[in-house]
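To start, the structure itself, in structure tokens.
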Amino acid sequence: MSGPEAGNALARLTGTLPSPRKASVRQVRDIDGVWLDEALVLWFTGPRSATGEDCAEIHCHGGRAVIAAIERALETCGLRRAEAGEFTRRAFLNGRIDLLEAEALGDMLSAETELQRAVLASTAQGHASRRVAEWRETVLSASAAVEQALDFADEDEEGTAPPSQWRDSIRAARGEIGAWLAVPSADRLREGLRIVLAGPPNSGKSSLFNAILDEAAAIVSPIAGTTRDAIERPIAIGGVPFLLVDTAGLRLEGAEEIERIGIARAEAELARADLVLWLGAEGAGPAGALEVASMVDLPDAPRKGAGALHVSSETGEGLPELLARMAQVGRERLPKPGQVAVSRRQRELLDQTHAAMGLSANEPDLLLAGESLRQARHALDAMLGNVATEDMLDALFGRFCIGK
Ligand code: GDP
């Protein structure tokens, strides 16, 4: 429970307010005094709480009916259920966390693989936010230096002009931003690396698709907001997230029209792939594809040259090597632990900052340089959420689950 009524509600259900930040055992009763449960309760006074508001927790026994009865009792105290992500949203609005941390937290809560968790953890902890705040400071100091230089020019004074080291600081910060932009995005990490199985009919795509699914760990919860059809499966191999795509499912025998649509979609899938596993004739696949020779348990199945993987979906031969190769490619192409993976939204803002910093650092006209610095600061503010719109916050926090 969070908000000004949290304390009243806790006191009405449990008799007295416990001392803050100490776990206490309490009998929980509804407002008619009917006993509901014995529970551990916690009381946090704002602003030193998760949301920044008064917060209360009831750790009751986990039965569905017990929880429902306690919820009903809380409703009679005038409380309502929190919306998805509302606790985190309030923490953001009350300045407990910034938008960068909130976004990383949202992604971390839905992380299913070790790589996702490890990369997002440092951003959720605020390491990335501190760096962004430093860049913002650099821009502010540069703006101040530009103002000073403009004043000096206005007054037409004798003596030495104010120093222009600000240009070097901006260039240095811009270099750091460039390094962040070079890291694959958090969205890529969330969705998994797209691996597409391709090859002519009967080359063994569906069989290999199923064999890989059997070997890999299935990722259970599809990510909200992404559409998945039957031929896409999120999986984890060695802690790395993938989206495995079988183009065979796009081809329906018989109906020519459907066949054509299927082929067009297969081509679209190939274009979107991060890695294509090519099961057709050697060299006939798309550029950069990983050559896979299938059905190697059959003596007359064609073999491929060095660098190709030889697999049998029937016997499982070669599958561990194929999975190891996929995990290796995944680790190379997805963000690594210790790197900051930014979302699409943040990437746009960083792009703007990077461009504006470049303009300001090289602009001889101080008025124009100052304007570029202002734009850079605005983008960094948006990144941290110092300026944020309701729509954007709805979209971000709507991704969270209830109670987060
Ligand atoms: P797709 O059209 O490319 O999806 O190919 P399928 O996976 O449907 O395979 C075509 C045929 O080859 C099916 O009859 C499969 O049972 C068979 N097949 C696929 N993989 C293997 C394999 O590794 N070994 C053997 N012996 N047969 C296979």
Side-chain angles (χ1 to χ4, degrees), residues 112-113 188 191-220 222-223 226-238 240-330 333:
E112 296 238 22
T113 65
R188 194 57 54 278
E191 289 155 16
L193 206 71
R194 286 187 86 87
I195 304 267
V196 175
L197 293 165
N202 290 323
S203 55
K205 297 183 293 296
S206 298
S207 307
L208 186 58
F209 183 77
N210 290 321
I212 294 174
L213 290 187
D214 283 346
E215 289 282 317
I219 290 179
V220 284
I223 288 97
T226 56
T227 50
R228 303 197 180 289
D229 46 46
I231 57 147
E232 287 187 3
R233 287 280 184 284
I235 53 166
I237 300 170
V240 181
F242 293 95
L243 194 62
L244 195 64
V245 183
D246 179 12
T247 52
L250 296 169
R251 175 182 48 79
L252 297 179
E253 307 290 352
E256 232 172 72
E257 177 68 3
I258 295 176
E259 174 106 349
R260 251 206 342 270
I261 296 169
I263 291 167
R265 280 199 51 198
E267 280 168 2
E269 282 299 344
L270 287 181
R272 284 174 68 201
D274 290 311
L275 179 67
V276 174
L277 303 186
W278 177 248
L279 279 68
E282 187 161 17
L290 182 62
E291 293 284 356
V292 176
S294 60
M295 309 190 203
V296 291
D297 58 298
L298 300 176
D300 50 357
R303 302 298 195 263
K304 293 186 176 181
L309 287 151
H310 289 79
V311 300
S312 164
S313 307
E314 192 70 28
T315 65
E317 184 187 339
L319 272 182
E321 289 78 7
L322 175 61
L323 264 59
R325 178 73 76 87
M326 287 167 65
Q328 184 199 345
V329 172
R333 301 201 193 164

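Just follow the structure's listing: the first ligand is 1, and inside any ligand the first atom is 1. Atoms considered below: every heavy atom in the structure, side chains included; atoms not considered: hydrogens, waters and symmetry mates.
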### Task
Output the list of atoms in ligand 1 that are nearer than 4.0 Å to some heavy atom of K205, sorted by atom number.
1 (P), 3 (O), 4 (O), 5 (O), 7 (O)
### Message
Which of the numbered atoms in ligand 1 are under 4.0 angstrom from any heavy atom belonging to D297?
### Response
22 (C), 23 (O), 24 (N), 25 (C), 26 (N)
### Task
Tell me, please: is S203 in heavy-atom contact with ligand 1, that is, under 4.0 Å?
yes
#### Entry: Atom indices of ligand 1 within 4.0 angstrom of L298 heavy atoms, with elements
26 (N)
### Message
Exactly one of R333, R194, R188 should register a side-chain hydrogen bond (donor to acceptor under 3.5 Å, both in side chains) with D274. Which one does?
### Response
R188
### Message
Side chain, backbone, both or neither: which applies to P200 and ligand 1 if a contact is any heavy-atom pair less than 4.0 Å apart?
### Response
backbone
### Query
By salt bridge (Lys or Arg N to Asp or Glu O under 4.0 Å), which residues pair with R325, not counting sequence neighbours?
none
### Query
Does any N or O atom in G204 lie less than 3.5 angstrom from one in ligand 1, N or O only?
yes
### Query
Sub-3.5 Å donor-acceptor pair from the side chain of K205 to the main-chain atoms of P200, do we have one?
yes
### Message
Using modelled atom types and a 3.5 Å cut-off, is there a donor and acceptor pairing between side-chain atoms of E291 and backbone atoms of G283?
### Response
yes
### Query
Within the side chain of R303, is there an N or O that forms a donor-acceptor pair under 3.5 Å with the backbone of A301?
yes
### Message
Measuring from atom 19 (C) of ligand 1, which candidate in A198, S206, S207, G199 has the nearest non-hydrogen atom?
### Response
S207
### Test applied, side-chain contact (heavy atoms from CB on, under 4.5 Å); reference residue, M326; option that passes from V240, I237, L309, L193
I237
